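Fair warning: this is a prediction, and the values are worked out from it, not measured in the lab. For the single chain, residues carry numbers from 1 onward in sequence order. Both backbone and side-chain heavy atoms feed into the values below; hydrogens, waters and symmetry mates do not.
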Amino acid sequence: PALLEVPADALLAEVEPLATLPSAARQRLAATAQRRTVAAGTTLFREGDAADALYLVASGVLVAMHRGAGPEREVGRFGPGTLVGIEALLDGERRLATVSALGRAVLYALARDDVAHTLEAHPELMDRVGELMTRNQMAVLEVEAPSAADASAAVTIHRRILSRLGGLFFASRGERV
């Protein structure tokens, strides 16, 4: 059966943290999105892979599985209007989990450089991006070491992420951090 499909620009208007972008900036970012249809069971990326893009889910459901040092466990599900693989924004980051399609899915791939250019033009989004990345890393920590996944860990992770995001932002402008 056909899946209801929403265009990238309409999805970006609804998805955090990009929904607060001015319309023209969202449209420019949407124009760079690469539409991709995947079959059930398709793996988008594996835990530990280099991250060079993030994905916006237009239709279908993706599941994230994390192995770490123990057995593989589900750490999240992503449906229409969600971003997957946001860690791609941090240069040199590796994928936190293996992400696969549960059924047929339509996605929009957003290249790291395209999203980074958008963030450079709108630095007010850095904190929102950091919050999303912190939630993802906390989900993985809850699987790996549940007793360590407390408010203190969340604050530490969030500070580290914001520091790296800020470093990338200022470094791309030739400024010292």
Checklist outcome for this item: Heavy-atom nearest pair, A101 first then V38, reads CB-CG2, 3.8 Å

Item to check | Partner residues of A10 under the side-chain contact (heavy atoms from CB on, under 4.5 Å) criterion, sequence neighbours left out | outcome: V6, P7

Next on the checklist: Given 3.5 Å as the limit, does a donor-acceptor pair link the side chain of Q27 with the main chain of D9, or not?
Outcome noted: no

Checklist entry - Taking side chain as C-beta onward, heavy atoms only, is V84 less than 4.5 Å from L44? => result no

Checklist entry - Of all residues at least two apart in sequence or in a different chain, which pass the side chain to side chain donor-acceptor pair (under 3.5 Å) check with R46? => result none

Next on the checklist: Taking V57 as the starting point, is it possible to reach V63 by hopping between hydrophobic residues whose side chains are less than 4.5 Å apart?
Outcome noted: no

Item to check | Beyond-backbone contact of Y108 with L11, side-chain heavy atoms, under 4.5 angstrom | outcome: yes

Checklist outcome for this item: NE2 (H117) and CG (L29) are apart, to the nearest 0.5 Å, by 11.5 Å

Next on the checklist: Working to the nearest 0.5 angstrom, can you tell me the gap between D114 CG and L54 CG?
Outcome noted: 10.0 Å

Checklist entry - Which atom pair, heavy atoms only, marks the closest approach of A13 to A19? => result O-CB, 3.3 Å

Item to check | Exercise: identify the closest heavy-atom pair between M65 and E74 | outcome: SD-CA, 3.4 Å

Item to check | Atom of P80, atom of S59 and distance for their closest heavy-atom approach | outcome: CG-CA, 3.9 Å

Checklist entry - To the nearest 0.5 Å, what is the distance between CG (L18) and CZ (R26)? => result 9.0 Å

Item to check | N/O donor-acceptor pair under 3.5 Å between H66 side chain and L96 backbone | outcome: yes

Checklist entry - Of the options V75, L62, D49, which is the one that meets V99 in a side chain to side chain contact (heavy atoms under 4.5 Å, CB included)? => result L62

Next on the checklist: If you apply the rule side-chain contact (heavy atoms from CB on, under 4.5 Å), what do you find for T82 with R77, and how did you get there?
Outcome noted: CA-CA 9 Å; T82 56; R77 288 185 183 225; over 6 Å; no

Item to check | Between CD on residue E14 and CG on residue L56, distance to nearest 0.5 Å | outcome: 11.0 Å

Checklist entry - How long is the gap from CZ on F45 to OH on Y55, to the nearest 0.5 Å? => result 7.0 Å

Checklist entry - So, H122 side chain and T118 main chain: donor-acceptor pair closer than 3.5 Å or not? => result no

Checklist entry - Does R94 use its side chain to pair, donor to acceptor, with the backbone of A51 at less than 3.5 Å? => result no

Item to check | Results of side chain to side chain donor-acceptor pair (under 3.5 Å) for T43 - residues two or more places apart only | outcome: S100

Checklist entry - Do the non-hydrogen side-chain atoms of V106 and R36 ever get within less than 4.5 Å of each other? => result no

Next on the checklist: Can you list everything that forms a salt bridge (charged side-chain N to carboxylate O under 4.0 Å, His left out) with R28? Sequence neighbours excluded, please.
Outcome noted: none

Item to check | Enclosure of E72 CD (heavy-atom neighbours >12, cutoff 6.0 Å) | outcome: yes

